[in-house]
Undergrad: 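Pasting in a structure now, in structure tokens, and then I'll have a few things to ask.
Sequence positions, counted from 1, serve as the residue numbers for this chain.
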Amino acid sequence: MALPNKLKDLLEQADELEEYKACSQYFYKWLGNQFDKQPVGSLIRARAEYIDRLLIKLFHCCNLAHEQELALVAVGGYGRGELHPYSDIDFLLLVSEEPNAELREKIGQFVTLLWDLNLEIGHSVRTIEQVIEQKREDVSFSTSLLESRLIFGNHIEFEKLKQHILQTPVWRSDEFFIAKRQEQDLRHRKCHGTAYNLEPNIKENPGGLRDLQTIIWVAKKHFHAETLEELINHGYLTHEEYQELLECLENLWNIRFALHLAAERSENRLLFDYQPHAAEILGFGSDGKASVERMMKRLFRIMSRVRELNQMLLSYFEQSILPDHRDLPVVELDRSFERIGHQIRVKNPSVFFRRDQLLVLFEHIASNPQITHIYPSTIRTMRQVRRRLLGDLQDYAACRDAFLRLIKHPNGMGRAFTLMHKHGIIAAYLPQWRNIFGQMQFDLFHAYTVDEHTHKLINNIYQYSDKSKVSDFPLCSEIVTRMDKPELLYLAAIFHDIAKGRGGDHSELGAVDALAFAKLHRLPTSDGKLIAWLVENHLLMSVTAQRKDINDPDVINEFASKVKNERQLDYLYCLTVADIRATNDNLWNDWKNTLLRELYLHTQRALRLGLENPMDMRDQIRDKKQQAKQRLINLGYDESHIDLLWSRFKANYFTAFSEQQISWHCEHLLNAQDLSAPSVTVSDCAMHGGTQVFAYSPYTGGLFARLVSVIGSKKAQIQHAQVMTTKDGYVIFSFVVLEVNGEPLSKSRGNGMRRALEQIMQDPKKKIRIKKNRSQRFKDFNIKPKIVLRPHARKDRSLIEIQAVDIPGLLTKIAQVFQRHRLHIHAARITTVGERAEDFFVVSNNDYQALTDEEQVKIHQALRKKLNADNEATTA
């Protein structure tokens, strides 16, 4: 579309930097106003035209227009004449020979002017020989030259370059294809192989703009095609697929254009922070999460279609371009299917008139490890059949039988299920799956849409049976190996989150769906009940392990009474581990692994003892003392010294820690020269899944705040903490700390932590410097802290519960409020669940009494003010 005359006049009259800036401001305002009035393709071409005019004008201003041997060449997206509002401007200054000092100075002035106008540019100054050399070494640069065009200057030199590109290609067609496919594979791996990230990259994600451009680049290189439409004549695209690609391209352009307007800069990641504004710009509404969900579902549908078409076309290209992929031997699989190389092909498209054959195809994939992909013509046929389906595949009895065979197949939920998900067959089978396709999750834990999270969960379960992965999850592998019906675990995985997005409790609604599925598929009643129970309780184990004291016999007995038997415990444990690991790539660590394993083993023991014979706290304390004492005696410690030390500890100490931790603590204390002085030790290696920090000191107010401040200053994360007092006025602190990446501290890092803690315990007035780091992910969630004050079982104590985003220094801020109000901390339980902290404190006032009503109000207000202020600062 034509630029407005006023803009042309402003640009023509501009002479000073501020006038050029005024032109850009006018243009961006006009561009934003036109978005809902003009096709997006016209607008991105309009920006390219505006930049053309601007560069030509600046070329004249810098006295470059009269340089006879200089050509200004647009490359890449700019070369295509496509520029989104804040896209980078890539250009080449083509020279006939190395520029002299005078020309270099002019070019420098030109580039500086562009920077002063806040334009993101990518530029180079090259002779034709240098271009050829770089083209030989860099396939990306070679690709950008395919789309080069002359903006201004020496057209003769530019034509020489174009002729060289066409007549003496550095990259042969097959080499170029292989390089671009490898480039795409690497790009997909960086996105974890999925388009369904909650913050997708519109350009780089599988199914994004780059996948469309890859098709175009290969077509240009091999077929010398200038447009996608020419692929129809070459027999690679149907008219319908061509129209579909154009529709997908326009939709991706629209979303990227809106993202740039929302971010007001060059941005390809559709971050949470931009999603509401982008949705509003695109016309999806301004009703918060609902409008975002509508936009994102549209985006994920588009990306799914682009990725499928990309795979289909690249497979066709592979057959044409790579000689090794022609005339491959054909292996018959049955009357309907055959294998060609690593791909499965349907012999006759009419086979899919029998709908169950859509599922039989994936049975063959499960049974033949050589098959990794689906033949392109079969993808095309499957797409056509999928669109013409009336009802759901599960409506057909033959399909139900085939689905059950697949899910019971040892390899059915591996690559076969992944391809079913990728090509929309699981969505065609289960109507509920279609509802969760592209379903957003607005929390601090999940990194993927509901359907992709579920797919990853199923893949995690499948790995339990992979012999090469046994060492990663030995207990899960052992359990799955002895399961009588592992398919029930897969079905529970499919349904565990299938009711998300409907409103209400997704666990309860999913359990209802699971029972209906079991009834439709004529599963035994007991199997249906087990699947439904697992779906309804799929969060039970993670909540118990991460929020409760699993060393408390009452907690174990309560959990065991809900689980009821070892069979359900086995299924629930395997499901829980796979679920947490599928949530995002940073949530799982050895600490969580240890928690869940210990909960499983404690519960297994309780179930074997019998729920009617629960182990009480005295039995547990006696067993732990015996084992810990034997360890210490074996190390050479005197039993009387051990007993004397233990006489200072309350019963809750022995229930809170394992026998390994007890013996480690006591070994440190028995070696201490002066037990009345503060002391601290840090484990040399991981213990119970993390680095253990143990501190012992006479009770002083504010000590907890100082300790957590030191740990925070060392950029370590507190995953778990306990505080308890002894009978003689001392206090015990225990922390589990991890690095930011979830790994335990190295020995040297642990030693540094110990020295810093010792210094602060010996010198309470020593200043602690904490660098404030703001997390991009936290800023996207303006979640208000929840603070609850409750009575405690002891009448002279109060319980404070705090749930908040785990911002850096959170514990320090809480402890500082307690210190300022002179509260005594008698016990604490700090738990980090993903990026949310759930902290419990048993406190008393300065007179060692429960908090009065007035004190409770003051503490609540102080905590809310402090944490809300920090939360708002972090999300600002």
Undergrad: Can you check side-chain contact (heavy atoms from CB on, under 4.5 Å) on Glu598 and Leu601, steps first, answer last?
TA: CA-CA 5 Å; Glu598 289 186 354; Leu601 295 174; 5.8 Å; no

Undergrad: Quick one: OG on Ser542 to NZ on Lys592, what's the gap to the nearest 0.5 Å?
TA: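 Interatomic distance, Ser542 OG to Lys592 NZ, rounded to 0.5 Å: 10.5 Å.
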
Undergrad: Taking the six-membered ring for Trp, are Phe733 and Phe704 parallel (under 30°), tilted (30 to 60°) or perpendicular (over 60°)?
TA: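 The arrangement is parallel - the two ring planes meet at less than 30°.
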
Undergrad: Nearest 0.5 Å, please: how far is CG in Leu867 from NZ in Lys813?
TA: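 Separation between the atoms: 8.5 Å.
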
Undergrad: Search all heavy atoms of Ile718 against all heavy atoms of Ala721 and return the closest pair with its distance.
TA: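 Smallest interatomic distance, heavy atoms only, reads CG2-CB, 4.1 Å.
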
Undergrad: Can you label the angle between the His720 ring and the Trp591 ring as parallel, tilted or perpendicular, going by 30° and 60°?
TA: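 Tilted: the ring planes of His720 and Trp591 meet at 30° to 60°.
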
Undergrad: Can you list the steps and then say if Gln660 with Gln627 is a side-chain contact (heavy atoms from CB on, under 4.5 Å)?
TA: CA-CA 8 Å; Gln660 181 189 13; Gln627 294 178 53; over 6 Å; no

Undergrad: According to the interplanar angle, ranging from 0 to 90°, do the rings of Phe818 and Phe841 count as parallel (below 30°), tilted (30 to 60°) or perpendicular (above 60°)?
TA: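 The arrangement is perpendicular - the two ring planes meet at more than 60°.
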
Undergrad: List the atom of Leu789, the atom of Ile787, and the distance in Å for their closest heavy-atom pair.
TA: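 Scanning both residues, the minimum pair turns out to be CD1-CG2, 4.0 Å.
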
Undergrad: Got a donor-acceptor contact below 3.5 angstrom from the His860 side chain to the Val788 backbone?
TA: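 Answer holds: no.
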
Undergrad: Decide whether a cation-pi geometry holds between Lys624 and Phe657; the criteria are a distance under 6.0 Å from NZ or CZ to the six-membered ring centre and an angle within 45° of the ring axis.
TA: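 No cation-pi geometry.
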
Undergrad: Give a yes or no on whether the backbone of Asp395 and the side-chain of Arg400 come within a donor-acceptor separation of less than 3.5 Å.
TA: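 Side chain of Arg400 to backbone of Asp395: a pair is present.
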
Undergrad: If you apply the rule side-chain hydrogen bond (donor to acceptor under 3.5 Å, both in side chains), what do you find for Asn584 with His446, and how did you get there?
TA: CA-CA 6 Å; Asn584 69 50; His446 290 87; over 6 Å; no

Undergrad: Does Asn565 use its side chain to pair, donor to acceptor, with the backbone of Gln568 at less than 3.5 Å?
TA: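 Yes; at least one donor-acceptor contact below 3.5 Å.
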
Undergrad: Can you tell whether the side chains of Arg294 and Asp287 come within less than 4.0 Å, N to carboxylate O?
TA: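 So Arg294 pairs with Asp287 through a salt bridge.
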
Undergrad: How many angstroms lie between atom CG of Asn593 and atom CD1 of Ile580, to the nearest 0.5 angstrom?
TA: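 The distance works out to 9.5 Å.
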
Undergrad: Hey, does Ile802 have a side-chain heavy atom less than 4.5 Å from the side chain of Phe840?
TA: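 No; the side chains remain at least 4.5 Å from each other.
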
Undergrad: Between Glu659 and Gln661, do the side chains contain an N or O donor and an N or O acceptor separated by less than 3.5 Å?
TA: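 No pair is found: no donor N or O on one side chain lies under 3.5 Å from an acceptor on the other.
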
Undergrad: Are side-chain heavy atoms of Ile479 and Glu566 found at a separation under 4.5 Å?
TA: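 No, too far: nothing below the 4.5 Å cut-off.
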
Undergrad: Taking atom NZ of Lys297 as the centre, report whether more than 12 heavy atoms of other residues, nucleotides or ligands fall under 6.0 Å from it.
TA: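 Check passes, neighbour count above 12.
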
Undergrad: Check side chain to side chain contact (heavy atoms under 4.5 Å, CB included) between Glu558 and all other residues, then give those that pass, not counting sequence neighbours.
TA: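 Only Lys548, Lys562 meet the side chain to side chain contact (heavy atoms under 4.5 Å, CB included) criterion with Glu558.
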
Undergrad: CZ of Arg597 to CD1 of Ile550: how many Å apart, nearest 0.5 Å?
TA: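 Between atom CZ of Arg597 and atom CD1 of Ile550 there are 12.0 Å.
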
Undergrad: Quick check: do Pro200 and Met296 have side-chain heavy atoms less than 4.5 Å from each other?
TA: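 Yes. Closest side-chain heavy atoms under 4.5 Å.
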
Undergrad: Between Asp484 and Lys408, does a salt bridge (charged side-chain N to carboxylate O under 4.0 Å, His left out) hold up when you go through it step by step?
TA: CA-CA 11 Å; Asp484 56 336; Lys408 291 177 182 178; over 6 Å; no

Undergrad: Looking only at the side chains, is there a donor atom on one of Asp579 and His453 sitting less than 3.5 Å from an acceptor on the other?
TA: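 His453 and Asp579 do have a side-chain donor-acceptor pair below 3.5 Å.
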
Undergrad: Show your reasoning for whether ring-ring contact (aromatic ring centres under 6.0 Å, His included) applies to Phe417 and Phe362.
TA: CA-CA 8 Å; Phe417 185 84; Phe362 295 98; 9.4 Å; no

Undergrad: Any side-chain donor-acceptor pair under 3.5 Å between His538 and Thr576?
TA: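 No, Thr576 and His538 have no side-chain donor paired with an acceptor closer than 3.5 Å.
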
Undergrad: Looking at Asp392 and Arg434, is there a salt bridge between them, counting it only when a charged N and a carboxylate O are closer than 4.0 Å?
TA: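 Yes, this pair counts.
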
Undergrad: For His421 and Glu452, test the side chains for any donor-to-acceptor distance below 3.5 angstrom and give the result as yes or no.
TA: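 The criterion, which ignores hydrogens and geometry beyond distance, is satisfied for Glu452 and His421.
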
Undergrad: Less than 4.5 Å apart, any side-chain heavy atom of Ile556 and any of Leu599?
TA: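 They are in side-chain contact.
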
Undergrad: Can you check whether Ala628's main-chain N or O pairs, donor with acceptor, with Ser663's side chain at less than 3.5 Å?
TA: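 Flag not set: sc Ser663 to bb Ala628 has no pair under 3.5 Å.
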
Undergrad: Side-chain donor-acceptor pair under 3.5 Å between His665 and Tyr653, yes or no?
TA: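 Yes, a side-chain donor-acceptor pair sits under 3.5 Å.
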
Undergrad: Whether the side chain of Thr725 engages the backbone of Val731 through a donor-acceptor N/O pair (distance < 3.5 Å, no angle test) should be reported.
TA: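 No, because the side chain of Thr725 does not come within donor-acceptor range (under 3.5 Å) of the backbone of Val731.
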
Undergrad: To the nearest 0.5 Å, what is the distance between SG on Cys476 and CG on Leu489?
TA: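 One finds 9.0 Å between SG of Cys476 and CG of Leu489.
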
Undergrad: Kindly indicate whether the side chain of Ile814, heavy atoms from C-beta on, has any atom under 4.5 Å from the side chain of Leu863.
TA: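 Side chain of Ile814 against side chain of Leu863, heavy atoms only: contact under 4.5 Å found.
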
Undergrad: Are the side chain of Glu199 and the backbone N or O of Phe272 linked by a donor-acceptor pair below 3.5 Å?
TA: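 Pair found, side chain donor or acceptor close to backbone of Phe272.
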
Undergrad: Look at the side chain of His792 and the backbone N and O of Arg794, then say whether any donor-acceptor pair between them is shorter than 3.5 Å.
TA: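 A pair under 3.5 Å: yes.
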
Undergrad: Could you check Leu359 against Met420 for side-chain contact (heavy atoms from CB on, under 4.5 Å), going step by step and ending with a plain yes or no?
TA: CA-CA 9 Å; Leu359 295 165; Met420 281 182 73; 3.7 Å; yes

Undergrad: Ignoring hydrogens, what is the shortest heavy-atom contact between Pro410 and Tyr462? Give both atom names and the distance.
TA: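 Nearest heavy atoms, Pro410 then Tyr462: O-CE1, 3.4 Å.
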
Undergrad: Going by an N to O cut-off under 4.0 Å, is there a salt bridge joining Arg622 and Asp619?
TA: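 So Arg622 pairs with Asp619 through a salt bridge.
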
Undergrad: Charged N to carboxylate O below 4.0 Å: is that the case for Arg567 and Asp570?
TA: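 Answer for the salt bridge query: no.
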
Undergrad: In Å, rounded to the nearest 0.5 Å, how long is the span from CD1 of Ile426 to CD of Gln394?
TA: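 The distance works out to 9.5 Å.
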
Undergrad: Quick check, are the ring centers of Tyr196 and Tyr448 under 6.0 angstrom apart?
TA: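 They do not qualify: ring centres at least 6.0 Å apart.
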
Undergrad: Looking only at heavy atoms, what is the nearest atom pair of Gly510 and Ala499, with distance?
TA: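 Taking every non-hydrogen atom into account, N-CB, 3.6 Å.
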
Undergrad: List the steps, then state whether side-chain contact (heavy atoms from CB on, under 4.5 Å) holds for Tyr464 with Val577.
TA: CA-CA 11 Å; Tyr464 296 155; Val577 171; 3.5 Å; yes

Undergrad: Which atoms form the tightest heavy-atom contact between Ala815 and Val708, and what is the distance?
TA: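 Heavy atoms of Ala815 and Val708 come nearest at CB-CG2, 4.4 Å.
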
Undergrad: If the plane angle is over 60° it's perpendicular, under 30° parallel, otherwise tilted; pick one for Tyr573 and Tyr600.
TA: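 The arrangement is tilted - the two ring planes meet at 30° to 60°.
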
Undergrad: Could you tell me which non-hydrogen atom of Leu575 sits nearest to which non-hydrogen atom of Ala493, and how far apart they are?
TA: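 It is CD1-CA, 4.0 Å.
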
Undergrad: Do Gln439 and Asn435 meet the criterion of a side-chain donor-acceptor pair at a distance under 3.5 Å?
TA: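 Note: Gln439 and Asn435 side chains miss the donor-acceptor criterion.
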
Undergrad: If we only count heavy atoms from C-beta on, is the Val682 to Phe694 side-chain gap below 4.5 Å?
TA: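 Not touching, per the 4.5 Å side-chain cut-off.
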
Undergrad: May I ask you to decide if Phe473's main-chain N or O and Gln463's side chain share a donor-acceptor pair within less than 3.5 Å?
TA: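 Flag not set: sc Gln463 to bb Phe473 has no pair under 3.5 Å.
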
Undergrad: Do Ile859 and Val843 come within less than 4.5 Å of each other through their side chains, counting heavy atoms only?
TA: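 Sidechains of Val843 and Ile859: no contact.
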
Undergrad: Is there a donor-acceptor pair closer than 3.5 Å between any side-chain N or O of Asn460 and the backbone N or O of Ala578?
TA: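 Here the side-chain-to-backbone pair exists.
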
Undergrad: When you compare the side chain of Phe517 with that of Leu430, does any pair of heavy atoms fall below 4.5 Å?
TA: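 The answer is yes; the side chains approach within 4.5 Å.
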
Undergrad: Determine, for Phe654 and Lys625, whether the Lys NZ or Arg CZ falls below 6.0 Å from the six-membered ring centre while staying within 45 degrees of the axis.
TA: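 Satisfied, under 6.0 Å and within 45°.
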
Undergrad: Donor-acceptor pair, distance only, cut-off 3.5 Å: does the side chain of His409 make one with the backbone of Asn411?
TA: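 Checked: pair present.
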
